[in-house]
Visitor: 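I am attaching a structure below and will ask some questions about it afterwards.
To find a chain, count down the sequence lines: A is the first, B the second, and so on, and within it residues start at 1. Below, all heavy atoms of this structure are taken into account, side chains as well, without hydrogens, waters or symmetry copies.
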2 protein chains.
Amino acid sequence: MRRLGDLLGVEAMSLYRHVPGREDLLDAVVAAIVDEMQEDPEVIESPRDGWQDFLQRLAHGVRRVALRHPKVFPLVASRPPEAPWLRPPLRDLRWVETFLEALQQEGFSDEAAVSAYRAFTSFLLGHLLLEVSALGADVGPLDVLEDGQDLDTSLAPYPEVGRLRAALSEDHSAVEFEEALEELLNRIALVRSETS
Amino acid sequence: MRRLGDLLGVEAMSLYRHVPGREDLLDAVVAAIVDEMQEDPEVIESPRDGWQDFLQRLAHGVRRVALRHPKVFPLVASRPPEAPWLRPPLRDLRWVETFLEALQQEGFSDEAAVSAYRAFTSFLLGHLLLEVSALGADVGPLDVLEDGQDLDTSLAPYPEVGRLRAALSEDHSAVEFEEALEELLNRIALVRSETS
DNA sequence: ACCTGAACACCGTTCAAGT
DNA sequence: ACCTGAACACCGTTCAAGT
C-alpha cells in the first residue's frame, strides 16, 4: 500500500478512500487480468468453427494473457476462488457460462461439459504456471552451487541429469503446450462421444 | 520468525543462530516435503513392473504428500526452482535422476525421457494445485454474494452455471486424477515408440 | 555456544484532523 | 470529497550484550 501510494504520488492512507484494503486490491488486479482475456478479439471472434476451435482459441488467449503478465499470473492461478465452481485460471462466471454453452450447443451432455471444464482448467493451470514461473526465474544456474563448487562436480552424483542438462534446460513450452492441448481435445472428444 | 520463535518458546532473534533467514527456512520446509516423497515405501518399492507402473506409483505418492500438506504444497509448487531442469513439484536432483534412469532403462531415448519428465510435472502441478487449493478454500458459496442478494438471483445472468452448479461443485478429483494420469501415460507411450 | 533486548527499517490499517 | 499525520500492531533482521 505504501509503495503504491508513493507510485501515485500520495500517502498510503489515501488509498483507503478508494479501496477497502490490500486483499480487495489484489482481487481487483486478478479481475482486470480476467477481463483482459474477455476482450481478446482472437478468442471472442464470433464465427466458432466447432467446439475444438473454440477451446483452441480460448487456450491460446489465456496463454497470451499469462505470458503478458508473468508476475501477476500466479495470483490468477492461486488466489482462493470465490466459489467451488470457479476454477483458476478460468475463474469467472461469464467464462464458465460461455464455456458450458459452447459445448452444449455441440451436443455435449451436462456431465461431459462439466468434466471438460475441469480437465481444461487443470491443463491450463499446470502448463501456464510452469511456463510463467520459468520465465520469472531468470536463474543463473549457478545458484545451486556452494561457494567452492562448480557445476560439474555438483552434478557428479546425478550422471543422467548432468549428461542431459542441456536438453533439460531447453525451452519447449510452446510446442509442449500445443501438443498437450491437442491431446486434451482428443480426450474431451472421447468423453463426449461416450456419454452422448 | 517471531511466531515460530513463540512456538518454540524462544525469541525470534534466536532463530538466526540456526538458519540464515526466512527464505532459507521456507526452502528447508520444501526440502522436507520432497524428502517425504522419497521415503514413501509405495513409491520406492524395488520391483518396478515397467515404467508405467513406476510413474503410476510416483504420481500417487506425490499426490499423497500434497494432500497430507495442503497448506505447504503451494510452496512446493511455486517457489522459484534452483535450476531450470528442476521443475516443480519434482524439484529435486535425486528425483530427476531416478526418473530419467527409469525411463531410459526401458528404452526411452534421451529426448523422449526429457519430454516425459516435462509432461509429467505439468500434469502433477495442474491437478494437485487445483485439488489442494479447493481443499483449503472451504468456502461457504455465500462469499460471492452482495449483502441483500441470494444465490439464485446472483446466478440469474448465468443460467447454465446455475442449472449445473450442483454438478460443478462435486468433487471428482480422485477419478479425474486417475483418468488424466492414464491418458498421460498413453501419450508418453506414444512418444516413446515414435522416437525409438 | 546459545539466547536476549533494544533498535532499525519496513509492513497494513485506523482515526482524528486538515483543506 | 479527498488527503494527511500520527499512531498502532505487526513484520524480518542486525548487533552488542548477556549467560
Side-chain angles (χ1 to χ4, degrees), chain A residues 1-36 69-83 86 88-89 91 129 132-133 136-140 142-148, chain B residues 1-36 69-83 86 88-89 91 129 132-133 136-140 142-148:
Chain A
M1 304 303 277
R2 291 175 126 107
R3 225 146 43 203
L4 177 59
D6 267 23
L7 214 74
L8 300 174
V10 101
E11 300 297 313
M13 310 79 209
S14 315
L15 300 174
Y16 290 85
R17 279 289 131 183
H18 306 93
V19 142
R22 196 189 112 104
E23 291 305 298
D24 306 78
L25 208 119
L26 292 178
D27 284 342
V29 170
V30 169
I33 299 280
V34 170
D35 284 349
E36 209 178 304
H69 308 285
K71 294 270 174 55
V72 188
F73 186 75
L75 237 56
V76 181
S78 57
R79 289 232 107 203
E82 289 184 329
L86 294 178
R91 49 191 312 152
L129 214 51
V132 152
S133 85
D138 61 16
V139 63
L142 307 163
D143 302 19
V144 215
L145 306 177
E146 305 293 317
D147 277 339
Chain B
M1 304 302 278
R2 290 176 126 106
R3 225 145 44 204
L4 178 59
D6 267 22
L7 215 74
L8 301 174
V10 101
E11 301 296 314
M13 312 78 209
S14 316
L15 300 174
Y16 290 85
R17 278 290 131 183
H18 307 93
V19 142
R22 197 188 111 104
E23 290 306 299
D24 306 78
L25 210 123
L26 292 178
D27 283 343
V29 170
V30 169
I33 299 281
V34 169
D35 284 349
E36 209 176 306
H69 307 285
K71 294 271 174 54
V72 188
F73 186 75
L75 239 56
V76 181
S78 58
R79 290 233 105 203
E82 289 183 329
L86 294 178
R91 48 192 313 153
L129 213 50
V132 153
S133 85
D138 60 15
V139 64
L142 308 163
D143 301 20
V144 216
L145 304 178
E146 304 295 316
D147 277 340

Visitor: Mind checking whether A:Leu25 and A:Leu15 have side chains closer than 4.5 Å, heavy atoms only?
Guide: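 No, side chains not in contact.
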Visitor: So does A:Pro80 get a backbone contact from the side chain of A:Arg91, meaning a donor-acceptor N/O pair under 3.5 Å?
Guide: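 Flag set: sc A:Arg91 to bb A:Pro80 pair under 3.5 Å.
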Visitor: Ignoring hydrogens, what is the shortest heavy-atom contact between A:Val132 and A:Pro74? Give both atom names and the distance.
Guide: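 In terms of heavy atoms, the two residues are closest at CG1-CD, 4.1 Å.
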Visitor: Measuring from atom CZ of B:Arg3 to atom CG of B:Asp6, what distance do you get when rounded to the nearest 0.5 angstrom?
Guide: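 It is 9.5 Å, given to the nearest 0.5 Å.
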Visitor: Just the table, please: protein N/O against nucleotides 2-7 of chain D N/O, every pair under 3.5 Å.
Guide:
| residue | atom | partner | partner atom | Å |
| --- | --- | --- | --- | --- |
| D:dC3 | N4 | A:Arg17 | NH2 | 3.3 |
| D:dT4 | OP2 | A:Glu11 | N | 2.9 |
| D:dT4 | OP2 | A:Ser14 | OG | 3.1 |

Visitor: With respect to A:Phe73, which candidate in A:Pro89, A:Pro88, A:Ser133 satisfies the side-chain contact (heavy atoms from CB on, under 4.5 Å) definition?
Guide: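 It is A:Pro89; the other options fail the test.
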Visitor: Please tell me if the side chains of A:Leu129 and B:Ser78 come closer than 4.5 Å, counting only heavy atoms from C-beta onward.
Guide: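 SC-SC contact between A:Leu129 and B:Ser78 ruled out.
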Visitor: Which of these nucleotides, C:dT13, D:dG12, D:dC11, is closest to any side-chain atom of A:Arg22?
Guide: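 That would be C:dT13.
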Visitor: Quick check: closest heavy atoms across A:Gly21 and A:Tyr16, and the distance to 0.1 Å?
Guide: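 Taking A:Gly21 first and A:Tyr16 second, the nearest heavy atoms are CA-CE2, 4.0 Å.
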Visitor: For DNA chain D, just give me the dot-bracket, please: Watson-Crick or G-U, both distances below 3.5 Å, ( ) intra-strand, [ ] crossing earlier pairs, | paired with another strand, . unpaired.
Guide: ||.|||||...|||||.||
Visitor: Rounded to whole angstroms, how far apart are OH on B:Tyr16 and C1' on C:dC8?
Guide: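 Rounded to the whole Å, the gap is 13 Å.
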